[in-house]
Every structure is written in C-alpha cells, then in structure tokens.
Protein chains: 2
Amino acid sequence: MDKKYTIKDIAKMAGVSKGTVDRVLHNRGKVSPAALEKINEVLNVIDYEPNLIARNLKNTKIYRICVFLPDPEIDPYWRPCVNGIQEAILEFKAYGVIIETYYFNPESKKSFLKTHETIIAQSPDAVLLAPLFHKETVEIIKQYDELGIMVNTFNNQVESSSIKSFVGQDLHKSGRVAASLMNLILSKGQIAIIHIDESLKNAVHMQEKEKGFRNYFDEKKLSEFSLTTLKLKYSNIETKFSAFIEENPDLSGIFITTSKAYQIASILSSAKNKKIALIGYDLIEKNVNFLNQGLVHFLIHQNQKRQAYLGVSTLVDHFLFRKEIPETILLPIDIINVENASFYS
Amino acid sequence: MDKKYTIKDIAKMAGVSKGTVDRVLHNRGKVSPAALEKINEVLNVIDYEPNLIARNLKNTKIYRICVFLPDPEIDPYWRPCVNGIQEAILEFKAYGVIIETYYFNPESKKSFLKTHETIIAQSPDAVLLAPLFHKETVEIIKQYDELGIMVNTFNNQVESSSIKSFVGQDLHKSGRVAASLMNLILSKGQIAIIHIDESLKNAVHMQEKEKGFRNYFDEKKLSEFSLTTLKLKYSNIETKFSAFIEENPDLSGIFITTSKAYQIASILSSAKNKKIALIGYDLIEKNVNFLNQGLVHFLIHQNQKRQAYLGVSTLVDHFLFRKEIPETILLPIDIINVENASFYS
DNA sequence: ACAAAAAATGTGCTCGAACACACTAAAAAA
DNA sequence: TTTTTTAGTGTGTTCGAGCACATTTTTTGT
C-alpha cells in the first residue's frame, strides 16, 4: 500500500519492458496502442512518483548560477544578501550546483555593465539579478534571454517580459505599514518622510514607500497630520537635517525610507531632542542598537537575506527538481520593535 | 577547479581502489598506514563532498513519520498545522518518506494515550508530537525512546531529557510583545488579560503569555495601568464577559492569550462599545475579519503551519541527509496589523 | 513471396556511494 | 614446512531513472 513503485514494477505489472514504460511516461518514441493501454491501466491503479534521487543521479551536469548584486562594501544594505547566498552555496554544493557572486558598484552603470560582461563569460545556467539601473537591466536581460540563460530578479522590480521571476517586497504596502504604525504612535503633528541614500539609484524604491506612506494618511483622511518630504545625501545629512529640525519645531515623527535610520537617530540622540517617533527599515546592527535604546520605535524588516536565498533556491529547485518558478514571491512585511527584534537576526 | 570529486577520483589520485578510499572515509575495516597517508594527502588537497543523491539512492528504506496532534475538528487552532504537514507530505513523498497524522481529543487523556497506542503499532521511525498532557507526555516519550523511535515536539514545550528537539515560540516573549504594543496604543487605564480556551489544557501556554505581558508592565514601572486577569470558558463567555465590562467601565485594553479574540471582538462590536484596544493571537479567518474591521488592533502570529512543517522537515533532513536536529527552533513573534496581514496567510 | 523499411519493444549501460565478498600477501600457529 | 589466521586490498553488485542501441515484429513496396 505504502510501497514506492518503480518503473520496473510498472513494467512487470503491465507485462512489458521498462523501456516501453519509459516511453509512455515521457511520451517519446513509438508505443503500440495495446501497450499504451496496459501501462495506463497500471498507472491509473497505482500512484507512481518517479524517484527524484535516482533521476538526478544520472544528471552529472554542474549547474552554475551567478548572483549579480551591488558591492556590500560600498552599500552595506546588501550585506545580508551575501549571507543568504552563502547559505544557499553550502546547501546546494552537494547537488553539483555552483553559486558565484559578482559585485558591481551601485554608483556606476559602467561597473554594472562590466560585471555583466564577466558573468556572460562564465556562461552560467541562470543569473539572479538585483536590477538597479532600469534601462541597462532591460538590455542585459535581453542578452541573457538570447543566450538561453535564465534570469531571476530580487529586491528591485523591473517590468520585462523576459523576466521569469521576482523575489521581493511590496514597497507600497510597506510604506502603508509604516504609516499605520506612525498613526498609532502619534495622534497629530508634523511627520517628515526622509530619503537618505548614497547612490540615489534606489529612487524608485524610496518613492514607492513614500507613496504608500502618504496613501495611508490620505485614505484615512487624517488631517491632523502634515507630511513633509526631505531628501538627504550622505555628505549633507548633519547640516541639512539639523536645519530642518530647527525650522520645524513641531516635528513629531520621521519615516526613513532606507536602512539609514541610525544616522537620523544618532543626530537626534546627541541633540537631546524631545521625543520624535522614528520608523525605519532593516535590522542592521546600528538600527537595532537605537531600537534597543528606544530612539527608533519600529523597523520594517525587508529580509534581504531570505530574498537572496529564495532567489537562488527557486532556480535550483527548477534545475534539479523541475519545479516551476513562481512569478513573484512577495515576502511578508515584518514589523519589528524592541521586543521581537532578536528573533529576526 | 569546480569539479565534483568522486570516490573513484580519489582512488585514482591516491593510487588505490575505491574500496580502500571508502574504508578511510568511513573509518571502517583495515587500512595500512601507507594507504591511509596517501588518501589523506589527496583529501587534504581536494574538497571532497559525498554526493548525497547517490548516497540516498542506495538507501531504499521507507521512513515513516507520525504526527501526533489534537483533532482540528475539536480545536480549530490546530488546523494550520495540518496544512503545514500536508506541504511536507507532498514535498517528501518523492524521497520515500511517509508522513501520517494522528489526531487525539485535546480534552481527553484517554484519547491521547489511545492514539499513542495506534502510533506505536505503526512502528514509525520518528514521531512529531504536540505534547498537551505533561505527565502522560513524559511517559510516552520514555516508551518511544525505548523503542528507538525519535521524538520531536512542537508548539508546547516539555522538559524531558529524551526529547531531541522542539519547534515553537517563546511564549513569555510573545506576551511582552503584546504588552509593548498595548503600551503603544494606550497611555493609561485598565487592561484585561483574558484566557479563553475550550480544553483548558493550554493553561501553561496561557499563563506563560500572561507572565510575559505583566512582566513588561512591571519592568517599565507603568503605574498608570492596572492589569486584571479573567478566565472564560466557552459556555459562559457572553454572560461573564458582559458582566465584566459592566463592572469595569474604565476598561481600555484587552489581551487575549488564545486564538479566540474574535469571540471578544464579536461581543464588543454588537455592544457598540467604546474603543477598546484588542490584541490577540493567530491569523484565523474570524480574527482577520475583525482586524480588517478595526476592532482587533494587533494579532500575534504563532505560525503553527510553519511549526508543524519545520517539525517534520528537520526529521526528514536528519534521516535523509544526516543533518543534525537543532535542539530548539524558536519562530519569530510576528506582529500583524491590518496592513501587513495579507502577507502571512 | 521476399526484401526493405518502419514500428514496436527489449536490453544493457551509466551515474556515485555503499557494502558484501573475493582475493592476495604476510604473519602466526601447527 | 605446511596450514591457518588476519591484515590489507580490490572487484562487483545494488539502488531507479534515463537513454542509446539492439532486437524483434509488423507493415509496406515490388
């Protein structure tokens, strides 16, 4: 009853050879109607599942997957991705899957394209890609497509018909989540939406979050709040933000659309400023420190590690186990405060 | 460089036969010091990883894992677990792993022990167990141990030296998480901690959550709050709770330690009561409905589905891939509000 | 009716690890 | 010296799917 049936079993039951069973199962070669019927009869009765282990054993092909992402040395946001990929490397090494990471400078389209060339030269079976530059991304995806290289994207969404899959988060919704939390902490006042980013290549990212954030307040008709947007660059954070605080004494909440909440928290802490509600992104160490100090109220966990891991593992599942690659995997928008933070790192 | 080395490769390189390499790798049989050294030399240079696929192919053993949990028909709390197990069944069927579920009546120790007998009769390789009755659990675990059946537990923690592993959540911490959210919604007032449970077998569970909840308020010295505990049984919820509301007009928050928040929300909604902050557990449909209506503010996601899935998959990983079973897997305490709920189901 | 072509079916090898078994050579016991 | 033991090594088979190739059967053409 529980027995695992093999092709040999089926052949014996149907009174044919395993070759014929194989032809029926894979719909290849010539099979007489009589044999077809006999085998189908058996297949209808028993519950045949091919042994994936045996199937893959024969397949000595080594799969090469290249992961193409910004250099975490330049933008530490990508550091957790590397960990997720590392995990995948160890897990799938034993299955003959080689996973390699290639970094590019997120500031430089040239570096992006150059890294792309390097990857092409490796002739991988698939590429997992963090598509920062829209136009260039569409271009290189076209190239991969022509070379028959499967492409999967993560973190940033790009609309292209050649893209098979995307792993990431709904940024608009994550902005709304932040807004709902802000609305819980505060009952009125001015709220600043602050974009801080070194590369400014994440403009779409940040804007999407802002839209979601504003959308929540608009939808709920929360007129007792006023929302201001502020863009900061690495070089001018301290001066520009201090000036902003000065000009807006009623500021009661800040939503930081990137993982740089700690920079704002740090300025606020040294300024011994009155309580301002702070909501940011990502469980990086500096952010968690300020969360523990009570200066940051909530962090939204983007789970880059899992994004990268899933990006790779769906590809591996496809190659090794012929699983279908889901079109989009949207990771949950985890709400983190000081009490549950420890479980997410 | 990237090559996957096989035992045959090593044998050739060391100038011995694959049998000798096998003896060295598995430390069995007799090997001359000379051969040992030659092989170790090769092993030091290359990075040999046995092909798990080939290893498992030979192993035609069918593993039987029995999952032992309360009947979801009696307590719907366990419904998601069944889904998680179903997922595991499909995923591991192809590897010759049979996973069967056995239900017991959570109200009846007799049913618990009877189901246990049924499972013993199956002589499984491992059991995944939701240990409701403490004394009986310790007893049956001893039996499993003597029969060489591996035991893994989930959801409820039981201290026993024979238990190999536990998958669940830190209940004390989850109480603290609820408290921190409550403290965010309210600035003062009376808060009720309500225990609702049909079986009352989850007493330890609920108490642990209450302890964590109270611990938060104690630790923060939030004297502007007063905490009251209320125990409700299925039969008397409506009357007893209505009376409680009447007696406590200042009640401003309720923390429900089980998944029955919807029952309280339903009473509050029909009573057209003034805003009372509600925090409960579990993303069951009725709870999510009240979350969407704004009557429930937060739900804490216990992720029973994942608990059950991980409970099974760690066992499978152990049998199939000889992975070590982690002693405890603590799932994150997910904070859910109306904005991010959709991503968790 | 016979050869040739086409259709249908069966056989046998491969993948890599694991392990049983056969075998050789050297050491110990007779 | 011959026999027995044991240390050490190699060979060969198994697992199940997949596929190339060989073989048999049937059909077609002349």
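Convention: sequence-line order gives letters A, B, ...; per-chain numbering from 1. Heavy atoms only: backbone and side chains are in, while hydrogens, waters and symmetry mates are out.
The shortest side-chain heavy-atom distance between B:Y63 and B:L315 does not fall under the 4.5 Å cut-off. Using a 4.5 Å cut-off on side-chain heavy atoms (C-beta onward), B:V21 and B:V16 make contact.
Residue B:K18 contributes atom NZ, which lies 12 Å from atom P of C:dC19 at whole-angstrom precision. Separating the CG atom of B:D9 from the P atom of C:dG16 is a distance of 8 Å, rounded to the nearest angstrom. Between the CD1 atom of B:I10 and the P atom of C:dG16 there is a distance of 12 Å, rounded to whole Å. Look at NZ on B:K58: it is 16 Å from C1' on C:dT14, rounded to the nearest Å. Summarising the geometry, the separation between NZ on A:K8 and C1' on C:dT11 is reported as 13 Å, rounded to the nearest angstrom. To the nearest angstrom, C1' of C:dT14 lies 15 Å from CD1 of B:I53. Remark: C1' of C:dG16 and CZ of B:R55 are 11 Å apart, rounded to the nearest angstrom. Taking atom CG of B:L52 as the reference point, atom C1' of C:dC15 lies 15 Å away to the nearest angstrom.
Contacts between residues 24-34 of chain A and DNA chain D, defined by a heavy-atom separation below 4.0 Å, involve A:H26, A:R28, listed by number.
The aromatic rings of A:F154 and A:W78 stand perpendicular to each other, their planes meeting at an angle above 60°, with 30° marking the opposite boundary. Relative ring orientation between A:F321 and A:Y95 is described as perpendicular, the plane-to-plane angle rising above 60° on a 0-90° scale split at 30° and 60°.
B:D22 comes within 4.0 angstrom of a base, heavy atoms only. If you check every strand for non-hydrogen atoms under 4.0 Å, A:I7 touches sugar and phosphate atoms only.
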Query - Full working for side chain to side chain contact (heavy atoms under 4.5 Å, CB included) between A:I89 and A:I85 - result: CA-CA 6 Å; A:I89 290 176; A:I85 295 160; 4.1 Å; yes
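For the residue pair A:H116 and A:E136, no side-chain donor N or O sits within less than 3.5 Å of a side-chain acceptor on the partner. Side-chain polar atoms of B:D334 and A:Y344 form a donor-acceptor pair below 3.5 angstrom. Using a 3.5 Å distance cut-off with no hydrogens or angles, the side chains of A:Y102 and A:D71 do not pair a donor with an acceptor. A donor-acceptor pair shorter than 3.5 Å can be found between the side chains of B:T314 and B:N152. No side-chain N or O of A:E49 forms a donor-acceptor pair with one of A:Y5 less than 3.5 Å apart.
Dashed line: the shortest gap from a side-chain N or O of A:S17 to OP1 or OP2 of C:dG10 is under 4.0 Å.
Taking for each of B:G19 and B:L57 the nucleotide of DNA chain D with the nearest heavy atom, the 5'-most of the two is the partner of B:G19. Between B:A54 and B:G15, it is B:G15 whose nearest contact on DNA chain D lies nearer the 5' terminus.
Axis deviation across the helix from C:dA1-D:dT30 to C:dA30-D:dT1 amounts to 60°, comparing end segments of five pairs, rounded to 10 degrees.
At distances below 3.5 Å, not a single donor-acceptor pair connects side-chain atoms of A:T20 with backbone N or O atoms of A:A35.
For C:dG16, its base never sits under 3.5 Å from the side chain of B:K4 at any donor and acceptor pair.
In this structure, CG in A:L52 is found 11.0 Å from NZ in B:K93, a value given to the nearest 0.5 Å.
Of all nucleotides in DNA chain D, those with any atom nearer than 4.0 Å to a heavy atom of chain A start and finish, going 5' to 3', at D:dG16 to D:dC19.
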